[in-house]
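Worksheet: one structure, shown below.
Atoms considered below: every heavy atom in the structure, side chains included; atoms not considered: hydrogens, waters and symmetry mates. Start at 1 and go down the list; that is how both ligands and their atoms are numbered.
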Amino acid sequence: MKNFQNCNIIFEKQFGQKARSVFFAPGRINLIGEHTDYNGGRVFPCALTFGTYALARKNDSKRIRLYSMNFPENGIVEFTLADLDYNTIHDWANYPKGMIRYIIETGCQIDAGIDILFYGEIPNGAGLSSSASIEMVMGVLLKGLFDLNLDPIDLVKIGKKVENQFMGVNSGIMDQFVIGLGKANYGILLDCQTLKYSYAPIKLDNYDIIIMNTNKRRELADSKYNERRSECEAALVRLQTQVAIKSLGELDENTFDKYKRVIANEIWIKRAKHAVLENARTIKAAEALARGDLIKFGQLVNESHISLRDDYQVTGKELDTLVEAAWRQPGVIGARMTGAGFGGCAIGFVEKAQRERFILQVGEFYNNTIGYEASFYIANIGDGAKEITKDVM
Ligand code: GLA
């Protein structure tokens, strides 16, 4: 974390007293299993070591006062516990506000005001889930300060509800789930239909995961995310006239091939094909990783990108430029976009010895092709949302 004492000095300057507790929630990458969560399929994400910090202290005023070191120009956003409606001018603060509102709606008692300072390390709109990170840090903060009887999965579901109903983005459960339940050095293989999950050790030998940021901002709400979701739902409705399924995630490739004509819309067929095959790839990729077959894992990662590019059509020039440049570099076993797409980030599995060269070559090619720079970070796999007061104070 950025120097914690400095953050607390800023806290004191804003709120008049020092914070007493500190909470953290990570960002995330998804290794494979993209646009499968809301289709009832598998995802295979992991939590990162960087994320969102929140310093907090209860106050006596029954007012919620929020300050973000990332948006100092917005100053303190303030509201009362009696007014928890979405408010456009509250901007980023609607995420924590939504969490308070929906947690109270579960019957939990939040009977005091709170002062909170946020410090986020996740680049905004980069597709590394800065929004789910702020939701989940707020979840563990409220649970910690008010000793709430909510388990991590309750907080995950509340976070998703904030995203869907408070913010109006029809996203699936992957981001909140991995940010809530992630574990250092493990990925989570999650079945989004049943919420059954298992932790899978991420052993990549002498390979790093390098995050490549297109620096093209991705706004879920105004992207085509919701449109893709509706296209899949439309395909599902038509398939349901032939097969008894609740989601596309229940279909195997052969059954899909047998019945796909009933969808009768070429675009919807492509979208559904991605959802079905990506789900199968995710299972195979997790198996390949478990048996240490990194080459097979990398091939599946590449196939995932191709499917997202050609069938789901959510990549775009920036992501394709990065990923295709990554494929051409020595020591790369696989690369693909990660997250929703339409800009944001890609990931590459790169031999450690080639790391510098990779960043240089891909970076140069991207800059020459797109006209501005990409950013690169090494991904380390960290823990899910938690209180860290004892570690830093
Ligand atoms: C975003 C959403 C997730 C998931 C991914 C695509 O990150 O928040 O729920 O749908 O896109 O896999």
Side-chain angles (χ1 to χ4, degrees), residues 25-48 51 95 98 122-136 156-182 187-193 195 197 211 213-214 216-233 247-249 271-272 274-282 285 300-301 304-305 307-309 311-316 319 336-347:
R28 67 97 188 88
I29 50 172
N30 187 18
L31 301 179
I32 191 166
E34 215 67 84
H35 288 277
T36 45
D37 60 352
Y38 54 84
N39 283 311
R42 267 54 157 222
V43 292
F44 193 12
C46 35
L48 297 168
Y95 291 102
I122 310 171
N124 269 329
L128 301 175
S129 269
S130 56
S131 65
S133 180
I134 192 168
E135 287 153 13
M136 298 315 292
V156 164
K157 289 181 179 164
I158 295 167
K160 177 174 184 288
K161 188 171 168 192
V162 168
E163 200 73 61
N164 296 164
Q165 295 181 20
F166 210 69
M167 307 305 295
V169 181
N170 238 340
S171 51
I173 201 160
M174 168 171 78
D175 301 344
Q176 289 81 8
F177 201 98
V178 65
I179 289 171
L181 281 93
I188 298 187
L189 184 63
L190 167 69
D191 179 333
C192 298
Q193 182 85 344
L195 293 192
Y197 66 100
I211 301 174
N213 187 349
T214 59
K216 182 189 181 201
R217 271 188 70 91
R218 178 194 58 80
E219 298 284 358
L220 272 187
D222 40 291
S223 72
K224 292 191 171 294
Y225 185 92
N226 287 349
E227 182 184 299
R228 289 293 174 281
R229 196 173 168 146
S230 323
E231 289 164 342
C232 287
E233 278 160 12
S247 73
L248 294 177
R271 308 299 192 238
H274 168 77
V276 172
L277 269 64
E278 180 76 354
N279 187 35
R281 270 191 291 274
T282 305
L300 291 157
V301 162
S304 165
H305 185 84
S307 174
L308 288 154
R309 183 189 67 191
D311 287 333
Y312 218 65
Q313 296 180 298
V314 292
T315 55
L319 280 167
R336 60 180 289 275
M337 56 155 270
T338 191
F342 317 104
C345 287
I347 49 173

Arg28 heavy atom under 4.0 Å from ligand 1: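 In this structure, Arg28 qualifies as a contact of ligand 1 - some heavy atom is under 4.0 Å.
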Ligand-residue contact atoms, ligand 1 with [X], heavy atoms, under 4.0 Å:
X: Asp37; value: 3 (C), 4 (C), 9 (O), 10 (O)
X: Gly172; value: 9 (O)
X: Tyr38; value: 10 (O)
X: Met174; value: 4 (C), 5 (C), 12 (O)
X: Gly339; value: 6 (C), 11 (O)
X: Tyr225; value: 1 (C), 2 (C), 3 (C), 4 (C), 9 (O), 10 (O), 11 (O)

Return yes if some donor-acceptor pair links the side-chain N/O of [X] with the main-chain N/O of [Y] below 3.5 Å, else return no.
X: Ser129; Y: Ser131; result: no
X: Glu34; Y: Gly339; result: yes
X: Ser130; Y: Ala126; result: no

Quick check: Ser129 and ligand 1, any N/O pair under 3.5 Å apart?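 Min N/O separation from ligand 1 is not below 3.5 Å for Ser129.
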Are any of the N/O atoms in Thr36 less than 3.5 Å from those in ligand 1? no
Throw together a table of side-chain donor-acceptor distances under 3.5 angstrom for residues 36-44, partners on residues two or more places apart or in other chains.
from, atom 1, to, atom 2, distance (Å)
Thr36, OG1, Gly33, O, 3.0
Thr36, OG1, Arg42, O, 2.7
Asp37, OD2, Ile173, N, 3.3
Asp37, OD2, Met174, N, 3.1
Tyr38, OH, His35, ND1, 2.6
Tyr38, OH, Tyr312, OH, 2.6
Asn39, ND2, His35, O, 3.0

Less than 4.0 angstrom from a charged side-chain N to a carboxylate O is my criterion; do Glu163 and Lys160 meet it?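 Salt bridge flag = no for Lys160 with Glu163.
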For ligand 1, which part of Gln176 has a heavy atom less than 4.0 Å away: the side chain, the backbone, both, or neither? neither
Are side-chain N/O atoms of Ser133 and Arg28 paired as donor and acceptor at under 3.5 Å? no
Is the distance between the ring centroids of Phe177 and Tyr197 under 6.0 Å?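 Ring-ring flag for Phe177/Tyr197: true, centres closer than 6.0 Å.
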